[in-house]
Amino acid sequence: MKFTLPLPSNFSFWSTVYSHGWCVLPPFNVDKEQKRLNVVVPTRHNSMYHVSLYEEKKRLVVLVENSRQLTTAARFEVTKAISTMLRINESLDEFYVHAKKHPRYRWVSRRGAGRLLRSPTVFEDVVKMICTTNCSWALTEIMVAALTTKLGVHIQGDVYSFPTPNAIAAQSEPFLRKEIRCGYRAPFLLELSQRITNEDLSIEQWRTSDAPTEELFNEVRSVKGVGEYAAGNILKLLGRYDYLGLDSWCRGKFYEIFTKGRKVKDSTIEKHYAPFGKWRGLFLWMDVTKDWYEKEFPF
DNA sequence: GCGTCCAGGTCTACC
DNA sequence: GGTAGACCTGGACGC
């Protein structure tokens, strides 16, 4: 089944797809030949839709690969999920006004940069973020691939959904360590999944929470395995950019761009971005990923 | 091929 | 509040 969705004038599909590494972590998958983003969209009634997305004539084409017909309710849910993932209805006008004031960031609105791709659920974003901590990107890919193929639902071909909190909570710690290769992160993933299944943590409400950012940050930090870096970046995916979420890669890029490769303290980096107020985390991300936008396929 | 070392964030114990 | 060490894996390196 195929339908299209309108896109705002300042929206760039490809800039959003390649806003960070999520697009290559399953169930996301990029088809470079056809310039499509493939995703698996779960719905409330446990239906899973394998969807292929691409831009055509300023509209987003939604191709549902595993269903010929969608009910009105299912189509509404799929549309809502895609809009959430691509941040289609999130206004970045204020950010772009800010960016245009600085010659260094004039390229940002021109490229339609700033919308950070996110998963259908907050749970998926948080699990993936934990899987990026203290390891190489290659290991993150191994862990996420194992989570989907061993604990997700098979959709079609080599496509699997991302596991639910229930699916992870039902596993043993040794299984997560040995089969998912997540090592010492295993108890963190188990505790997170169990807190959600026991209804001790309403993680999906974070995206619509109107709590002050600092309060939300502390709640995100209450998840074991989520430290300063992970929480800062999870917050960016919740639409809050007050924290930098620095990791070794970001620090390295900052040194390269601003200090001729000389290491500086994190507090120096924080002072550098302080003038950007609540958008500082996004301005940092624009700096460290600027060279991505000059390539068709950054990775 | 094998062993050793290192990088990568977070947690916990300790001062 | 700050710091050291442990956690675990893949990759680089030397032999």
Side-chain angles (χ1 to χ4, degrees), chain A residues 20-22 24-26 116 118-119 122-151 163 165 168-169 171-196 200-201 203 206 213-238 240-257 259 261-271 273 280-281 284-285 287-289 292 298-299:
Chain A
H20 60 122
W22 260 209
V24 295
L25 291 181
L116 306 182
R118 58 187 178 187
S119 307
V122 177
F123 174 69
E124 186 176 326
D125 278 338
V126 173
V127 170
K128 283 177 173 172
M129 200 64 76
I130 291 173
C131 291
T132 67
T133 59
N134 202 24
C135 66
S136 62
W137 182 252
L139 182 55
T140 299
E141 291 183 305
I142 289 169
M143 287 186 263
V144 175
L147 279 169
T148 53
T149 55
K150 295 185 177 179
L151 298 177
I168 296 180
Q171 304 307 314
S172 67
E173 194 181 310
F175 176 88
L176 295 176
R177 282 179 185 271
K178 299 288 174 195
E179 300 294 325
I180 308 299
R181 315 293 294 167
C182 62
Y184 71 92
R185 300 166 196 82
F188 302 152
L189 298 186
L190 265 184
E191 190 186 300
L192 167 66
S193 304
Q194 286 163 356
R195 279 179 72 187
I196 294 169
D200 289 339
L201 187 67
I203 198 171
W206 288 353
T213 304
E214 196 180 344
E215 196 177 300
L216 193 57
F217 178 81
N218 290 334
E219 195 174 343
V220 175
R221 283 282 276 110
S222 79
V223 175
K224 286 258 181 71
V226 174
E228 290 272 330
Y229 147 80
N233 285 298
I234 288 166
L235 248 67
K236 287 178 195 169
L237 299 182
L238 298 175
R240 318 271 190 129
Y241 308 99
D242 308 57
Y243 294 84
L244 299 185
L246 293 173
D247 63 357
S248 56
W249 183 77
C250 279
R251 290 186 188 97
K253 290 293 274 186
F254 182 89
Y255 306 151
E256 192 183 305
I257 298 165
T259 64
R262 186 175 54 86
K263 285 187 180 180
V264 294
K265 288 181 183 172
D266 284 358
S267 57
T268 305
I269 304 178
E270 277 157 18
K271 272 183 206 157
Y273 288 101
R280 54 191 179 271
L284 161 82
W285 193 247
D287 277 327
V288 298
T289 60
W292 292 2
F299 45 84

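Note that the coordinates shown come from a computational prediction; the quantities given were computed from them, not determined experimentally. Convention: sequence-line order gives letters A, B, ...; per-chain numbering from 1.
A straight line from CD of A:Glu191 to P of B:dC11 spans 10 Å, rounded to a whole angstrom. One interatomic measurement links the two molecules: NZ of A:Lys178 to P of C:dC7, which rounds to 14 Å at whole-angstrom precision. Note: CZ (A:Arg181) to C1' (C:dG10) measures 9 Å, nearest angstrom. Between A:Arg221 atom CZ and B:dT10 atom P there is a gap of 7 Å when expressed in whole angstrom units. In this structure, A:Phe188 places its CZ atom 16 Å from P of C:dA6, rounding to the nearest Å. The CG-P distance, from A:Leu190 to C:dC7, rounds to 19 Å in whole Å. One interatomic measurement links the two molecules: CE of A:Met129 to P of B:dT10, which rounds to 10 Å at whole-angstrom precision. Straight-line distance from the CD1 atom of A:Ile142 to the C1' atom of C:dC8: 13 Å, rounded to whole Å.
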Whether each nucleotide of nucleotides 1-9 of chain B has a protein heavy atom under 4.0 Å at its base (B), only at its sugar-phosphate (S) or at neither (-) is summarised, 5' to 3', as -------BB
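Nearest nucleotide to the A:Ala138 side chain, out of B:dC11, C:dC8, C:dG10: C:dG10.
Shown here is A:Lys224, whose NZ atom has no more than 12 heavy atoms of other residues, nucleotides or ligands within 6.0 Å. A:Glu214 CD: 12 or fewer foreign heavy atoms inside a 6.0 Å radius.
At least one donor-acceptor pair closer than 3.5 Å links the side chain of A:Arg185 to the backbone N or O of A:Thr133. Remark: the backbone N or O of A:Tyr241 is not paired with any side-chain donor or acceptor of A:Arg280 at under 3.5 angstrom.
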From CA spacing to verdict: side chain to side chain contact (heavy atoms under 4.5 Å, CB included), A:His20, A:Thr289: CA-CA 8 Å; A:His20 60 122; A:Thr289 60; over 6 Å; no
Does the side chain to side chain contact (heavy atoms under 4.5 Å, CB included) test come out yes or no for A:Val220 and A:Val126, once each step is laid out? CA-CA 9 Å; A:Val220 175; A:Val126 173; 5.9 Å; no
